[in-house]
Amino acid sequence: MGRAWGLLVGLLGVVWLLRLGHGEERRPETAAQRCFCQVSGYLDDCTCDVETIDKFNNYRLFPRLQKLLESDYFRYYKVNLKKPCPFWNDINQCGRRDCAVKPCHSDEVPDGIKSASYKYSEEANRIEECEQAERLGAVDESLSEETQKAVLQWTKHDDSSDSFCEIDDIQSPDAEYVDLLLNPERYTGYKGPDAWRIWSVIYEENCFKPQTIQRPLASGRGKSKENTFYNWLEGLCVEKRAFYRLISGLHASINVHLSARYLLQDTWLEKKWGHNVTEFQQRFDGILTEGEGPRRLRNLYFLYLIELRALSKVLPFFERPDFQLFTGNKVQDAENKALLLEILHEIKSFPLHFDENSFFAGDKNEAHKLKEDFRLHFRNISRIMDCVGCFKCRLWGKLQTQGLGTALKILFSEKLIANMPESGPSYEFQLTRQEIVSLFNAFGRISTSVRELENFRHLLQNVH
């Protein structure tokens, strides 16, 4: 009898263990697993993996980059937020106080930034004065022949077809300096049909997509539509596929910022901003977005690699002795240039840079046409930013599209950068202060997104 009871107890124990093991196998996925299930390993069209980027960005680059962006040179950005939308007139301006942008008073901006908007050496500042005179038809003939040549070359550069963005005229009376640290990118409540229209026009009319192909989640749900879209995308040439992934990555990065700096509490005593995991899940959960969310996050990493590569390529421009991060404070300017070069050398040491040589290869005529289409499509997207109804969203949209446009300009100017003289004016390749400020701040936003993804991974680990 005792042996029978022992056998029965043993069998019950085995059944219990099997059920326990079976139950563990069916334990529901965490929200972190659903959002980040595909955000690992090697990225498409790249030889780099997500884990290498995370480690490099979060522990080697992010802290120093944030310190640089807090300096006077990079925190003040001149922008025209009053330009009319060139595509439609029925813009509903956001009336929420969090949509507002507070511009700087004149005495708040360092004199060096106001007086030397985008040239860096003493000679270059004289050239800028002459550029302004030339626009009035009065070039100063007392300048040396070399300096006059530089004036003409820079004017030609500014008017050239190499720009990937619609650049604001910073001489316009409507252009104002904005302190980016006092107007941070965060959730403003701007949403609904107006916000949806901005991204819809960007994707539907500027990403090389025919009208017959519908984007996943654009109008209803369906697995067949998703398969059709990605079959079409994979059939594109690498340049057009990259274009879509850059825009998708930028969109994802912006959504990460809005989820990470969400208005959690608003009382007459205080406003509390922080991480909203529910908002993050709605935008990136693999189930809630039918697999789209994790794909978007992978595209964010692709965007990171593109801008990282551009920064590594432009190092010679900033290494030139004549270049200054000029604000008028000599000590601070020297320290900031040293920090800038330290960051760029760190970026150059990254072991798995994106190889842009596959872009615009093959037949020269076809490559030239494709590059021009690429440039015009992106330029059009930069113009759409003037249609955003939320001024703070418009500010950061304009800055980040200009930053990405500057990165693309750098990638496609490799020969011009290689031929720059070590000192003196650079006739063929030049960056304005606006381009420099937008380039580094835009990359700072993507770097912040990658850092925030680590925070969301931890926050979502125990959420089901």
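When reading the values below, keep in mind they use all heavy atoms of this one structure, side chains included, and skip hydrogens, waters and symmetry mates. Sequence positions, counted from 1, serve as the residue numbers for this chain.
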How long is the straight-line distance from [atom2] of [Y] back to [atom1] of [X], given to the nearest 0.5 Å?
X	Y	atom1	atom2	value
S259	I254	OG	CD1	12.0 Å
L352	D49	CG	CG	6.5 Å
L305	C48	CG	SG	5.0 Å
S438	W396	OG	CH2	11.0 Å
Q402	S382	CD	OG	8.5 Å
L459	N455	CG	CG	6.5 Å

[Y] side chain reached by [X] side chain, heavy atoms, under 4.5 Å:
X	Y	result
F318	L431	yes
N329	P110	no
D179	Y77	no
D54	Y301	yes
S248	Y203	yes
I343	E346	no
E166	K83	yes

If we ignore angles and hydrogens, is there a donor and acceptor under 3.5 Å between the side chains of [X] and [Y]?
X	Y	value
N380	N206	yes
D72	T327	no
H275	E452	yes
H345	E319	yes
R295	N299	no
D98	Y190	no
H257	S253	yes

Verdict with reasoning, K369 to E372, per salt bridge (charged side-chain N to carboxylate O under 4.0 Å, His left out) = CA-CA 5 Å; K369 183 182 183 303; E372 182 64 5; over 6 Å; no
Do [Y] and [X] meet the salt-bridge criterion of a basic N to acidic O distance under 4.0 Å?
X	Y	result
R445	E185	yes
D111	K114	yes
D386	K398	yes
R215	E204	yes
E428	K415	no
K272	D266	no
K78	E176	no

Please name the pair of heavy atoms, one in [X] and one in [Y], separated by the smallest distance, quoted to 0.1 Å.
X	Y	result
L300	S449	CD1-CB, 3.8 Å
F56	I347	CZ-CA, 4.0 Å
P63	N57	CD-O, 4.5 Å
G444	L65	CA-CD2, 3.7 Å

Mark yes or no for whether [X], through its side chain, and [Y], through its backbone, hold a donor-acceptor pair below 3.5 Å.
X	Y	result
N441	F74	yes
S413	K409	yes
K337	F323	yes
R186	L263	no
N276	T278	yes
Y76	C104	no
D174	N80	no

Over 12 non-hydrogen atoms of neighbours within 6.0 angstrom of CG in D169 = yes
Checking side-chain contact (heavy atoms from CB on, under 4.5 Å) against I410, which of E307, K313, R309, E435 comes through?
->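 Looking at E307, K313, R309, E435, the match for I410 under the side-chain contact (heavy atoms from CB on, under 4.5 Å) is K313.
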Identified side-chain contact (heavy atoms from CB on, under 4.5 Å) counterpart of F280 within the set N255, L453, L258 = L453
Fit a plane to each ring of H353 and F350, take the angle between them on a 0 to 90° scale, and name the class: parallel (under 30°), tilted (30 to 60°) or perpendicular (over 60°).
->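 Ring orientation, 0 to 90° scale: perpendicular.
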Could you tell me how the ring of F164 sits relative to the ring of F374: parallel (under 30°), tilted (30 to 60°) or perpendicular (over 60°)?
-> perpendicular
Go through the structure and list residues passing side chain to side chain donor-acceptor pair (under 3.5 Å) with R457, not counting sequence neighbours.
->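 R457 satisfies side chain to side chain donor-acceptor pair (under 3.5 Å) with no residue once adjacent residues are dropped.
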Check side chain to side chain donor-acceptor pair (under 3.5 Å) between N58 and all other residues, then give those that pass, not counting sequence neighbours.
->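 Checked N58 against side chain to side chain donor-acceptor pair (under 3.5 Å); matches are E454.
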Passes side-chain contact (heavy atoms from CB on, under 4.5 Å), L399 versus V79? Steps please.
-> CA-CA 8 Å; L399 181 144; V79 60; over 6 Å; no
Less than 6.0 angstrom separating the ring centers of [X] and [Y], yes or no?
X	Y	value
F208	Y244	no
F443	Y304	yes
F359	F354	yes

Can you list the steps and then say if L69 with L181 is a side-chain contact (heavy atoms from CB on, under 4.5 Å)?
-> CA-CA 9 Å; L69 297 179; L181 298 184; 6.0 Å; no
Return yes when the gap between the SG atoms of C387 and C85 is under 2.5 Å; return no otherwise.
-> yes
With sequence neighbours excluded, what pairs up with Y262 under the ring-ring contact (aromatic ring centres under 6.0 Å, His included) test?
-> Y187
Might you work through the salt bridge (charged side-chain N to carboxylate O under 4.0 Å, His left out) test for E279 and R283, ending with a clear yes or no?
-> CA-CA 7 Å; E279 186 74 19; R283 297 174 187 269; 2.7 Å; yes
Apply side-chain contact (heavy atoms from CB on, under 4.5 Å) to the pair F412 and R375, showing each step before the final yes or no.
-> CA-CA 11 Å; F412 302 139; R375 186 187 69 83; over 6 Å; no
